[in-house]
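Reviewing the structure listed below.
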Amino acid sequence: MKSKITVLYQSQGAMTGAYFCTSTAGLSVCDDSPQSLMEEKFAASGMTLSYYFPLDPTSATYTTDLNNAMATISTADVDLLAIQDYQQICIDAIASARALDWTPNGLFFSVCDGDPEVQAAIGDALWYATASTIWSPEAVYQSGISGITNQEFVEEFEEEFQRDIHYLTASAFAGGEILVNVIEQQAAIDVSKVLDTTTLNYLVGNGSFSTILSPDNVSFASNHQVEVNWIQLQYTTAATTAVIDSSTITYPMPSWSDRAVASNDDGNGGTGGTTNNYYGDESKTQATDLVITAMVCFLGGVFMTTGLFMYVMPRMAKSMQNSRTEMITSTANVMGKDIGNEEL
């Protein structure tokens with residue numbers, strides 16, 4: 001079970017790593033990324049996970065715990081620091097590393113890097129950090145289910161809603177595509193079971209789907225997480241990212257003290273590349289604005305967007321020979337997981 005980002009770092013000579021994750025009750029990502037799993041992922045990539053630190057920002061000992069963890073990994077001078085957190089640990093870990101005047105050779109963020117508050121707090125510490133995304137607006141391909149191209153999807157969304165697009169929008173659309181597809185599959189077999197969640201779960205869990213989310217087919221693992229190729233990004237500045245591979249990644253990163261705004265700054269803190277709006281905190285706003293109803297099978301974890309309404313609902317109604325209202329009412333209580341960020 002390899003992680004693409006650790007494979008990428010290992011190709012540059014990185015051998016050791018440290019992992020910080022949120023362990024706060026109700027918000028824990030450590031539960032989904034236990035130490036044994038992370039050690040397995042690093043090992044599969046030819047690296048060693050030397051340190052694993054679950055941290056709880058709500059704990060009275062949090063600051064001490066984090067500073068002690070940072071002192072430990074800086075003394076060991078691990079090659080890669082990976083942080084999976086929503087916000088606070090990302091901010092505080094960078095502050096602690098700066099206070100120790102220690103810059104890791106590689107820095108990977110999951111989730112928090114797109115948060116404007118994180119970006120403002122850590123400043124140029126975000127430069128040269130890496131992240132993974134499941135979808136890119138620049139990618140060129142066509143969905144086999146809906147027939148829409150990725151470019152058409154981006155253009156139609158931005159024209160309709162007058163805002164930048166990001167991966168959650170593609171995730172929600174792909175979820176709707178998959179839902180429609182399995183309902184249509186089941187309608188052709190036995191229309192009486194098109195709302196049977198066990199039947200739909202089976203079709204989703206055992207299917208492979210050409211969606212707007214990726215040029216590669218989407219499928220789901222036994223733990224209900226999406227299986228698809230991830231795109232690796234590196235911040236060229238705090239405002240922009242570039243898709244990277246082993247020939248284009250910057251490693252090791254420049255030290256904190258060696259960073260300066262480039263002379264060709266474009267006015268947004270960037271020097272080219274792709275503005276990272278599609279990956280960032282805008283997701284919180286759009287997820288709220290666009291979700292009409294939480295629909296879908298337990299396995300796929302998907303929800304509807306207004307931009308998807310005119311595509312999904314008529315297709316469902318036709319498959320079921322039922323009304324849109326009945327479809328929404330019948331499925332509104334079926335919840336699942338979002339197709340989202342990669343866990344390292």
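- Judged by distance alone, with hydrogens and angles left aside, the side-chain atoms of Thr149 form no donor-acceptor pair with the main-chain N or O of Tyr141 at under 3.5 Å.
- With hydrogens and angles left out, the side-chain atoms of Gln119 and Asp115 include no donor and acceptor closer than 3.5 Å.
- For residues 70-101, the set of pairs meeting the disulfide bond (SG atoms under 2.5 Å apart) definition, not counting sequence neighbours, comprises Cys90-Cys112.
- When all heavy atoms of Gln234 and Thr250 are compared, the pair lying nearest together is OE1-N, 2.8 Å.
- The minimum heavy-atom distance between Ser210 and Ser143, with the atom names listed, is O-OG, 3.3 Å.
- Ala121 pairs by the side-chain contact (heavy atoms from CB on, under 4.5 Å) definition with Ile91, not counting sequence neighbours.
- The closest side-chain heavy-atom distance from Thr130 to Phe109 is not below 4.5 Å.
- Among all heavy-atom pairs drawn from Trp256 and Trp102, the shortest one is NE1-O, 2.9 Å.
- Transitive grouping of hydrophobic side chains (ILVMFWY, heavy atoms separated by less than 4.5 Å) brings Leu203 and Ile145 into a common cluster.
- For Ser257, the side-chain hydrogen bond (donor to acceptor under 3.5 Å, both in side chains) partners two or more places apart in sequence, or in a different chain, are Ser255.
- Residues satisfying the ring-ring contact (aromatic ring centres under 6.0 Å, His included) criterion with Tyr128, sequence neighbours excluded, are absent altogether.
- Legend: residues meeting side-chain contact (heavy atoms from CB on, under 4.5 Å) with Thr24, ordered by chain and number and at least two apart, are Thr22, Leu27, Asp56, Pro57, Thr58.
- Applying the side-chain hydrogen bond (donor to acceptor under 3.5 Å, both in side chains) test to Ser192 and every residue at least two apart in sequence or in another chain returns Asp190.
- The aromatic rings of Tyr251 and Tyr9 sit perpendicular to each other, their planes meeting at more than 60°, with 30° as the lower class boundary.
- A donor-acceptor pair shorter than 3.5 Å cannot be found between the side chains of Thr197 and Asn201.
- Note that CH2 of Trp127 is 8.5 Å distant from CZ of Arg259, once rounded to the nearest 0.5 Å.
- Residues Ile89 and Leu66 have side chains in contact (heavy-atom distance under 4.5 Å, counting atoms from C-beta outward).
- Under the rule for a side-chain hydrogen bond (donor to acceptor under 3.5 Å, both in side chains), the partners of Ser96 that lie at least two apart in sequence or sit in another chain are Asn67.
- Between the Ser74 side chain and the Met70 main chain, a donor and an acceptor come within less than 3.5 Å of each other.
- Shown here for Ala14 and Met47, the closest heavy-atom pair between the two residues is O-CG, 3.5 Å.
- Contact of the Tyr86 side chain with the Val29 side chain is registered, since non-hydrogen atoms from C-beta on lie closer than 4.5 Å.
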Apply side chain to side chain contact (heavy atoms under 4.5 Å, CB included) to Glu177 and Phe209, showing your working. CA-CA 9 Å; Glu177 289 181 304; Phe209 306 93; over 6 Å; no
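- Judged by distance alone, the side chains of Gln232 and Ser132 do bring a donor and an acceptor atom under 3.5 Å apart.
- Applying the disulfide bond (SG atoms under 2.5 Å apart) test to every pair with at least one member in residues 10-87, sequence neighbours left out, gives these pairs: Cys21-Cys30.
- Residues Leu195 and Ile189 do not share a hydrophobic cluster, defined by chaining ILVMFWY side chains whose heavy atoms lie under 4.5 Å apart.
- Every residue two or more places apart in sequence or in another chain that forms a side-chain contact (heavy atoms from CB on, under 4.5 Å) with Pro34 is listed here: Ser36, Leu37.
- The minimum heavy-atom distance linking Pro254 with Thr103 is given by the pair O-CG2, 3.6 Å.
- Residues passing the side-chain contact (heavy atoms from CB on, under 4.5 Å) test with Thr248 are Ile244, Asp245, sequence neighbours excluded.
- Classified by interplanar angle (parallel below 30°, tilted 30° to 60°, perpendicular above 60°), the ring pair Phe53/Tyr51 is parallel.
- The two residues Gln186 and Leu200 make their nearest non-hydrogen contact at CB-CD2, 4.4 Å.
- Screening residues 83-108 for salt bridge (Lys or Arg N to Asp or Glu O under 4.0 Å) gives Arg98-Asp124 as the qualifying pairs, with residues at least two apart or on separate chains.
- Contact annotation: the side chain of Ile178 approaches that of Phe220 to within less than 4.5 Å [non-hydrogen atoms, C-beta and beyond].
- Between Glu117 and Gln87 there is a side-chain heavy-atom pair separated by less than 4.5 Å.
- No hydrogens or angles considered: nothing links the side chains of Ser45 and Gln10 as a donor-acceptor pair under 3.5 Å.
- Taking the side chain as every heavy atom from C-beta outward, Gln35 and Tyr19 never approach each other to under 4.5 Å.
- For Gln151, there are no side-chain hydrogen bond (donor to acceptor under 3.5 Å, both in side chains) partners two or more places apart in sequence or in a different chain.
- The line from OG1 of Thr75 to CD1 of Ile73 is 9.5 Å long, rounded to the nearest 0.5 Å.
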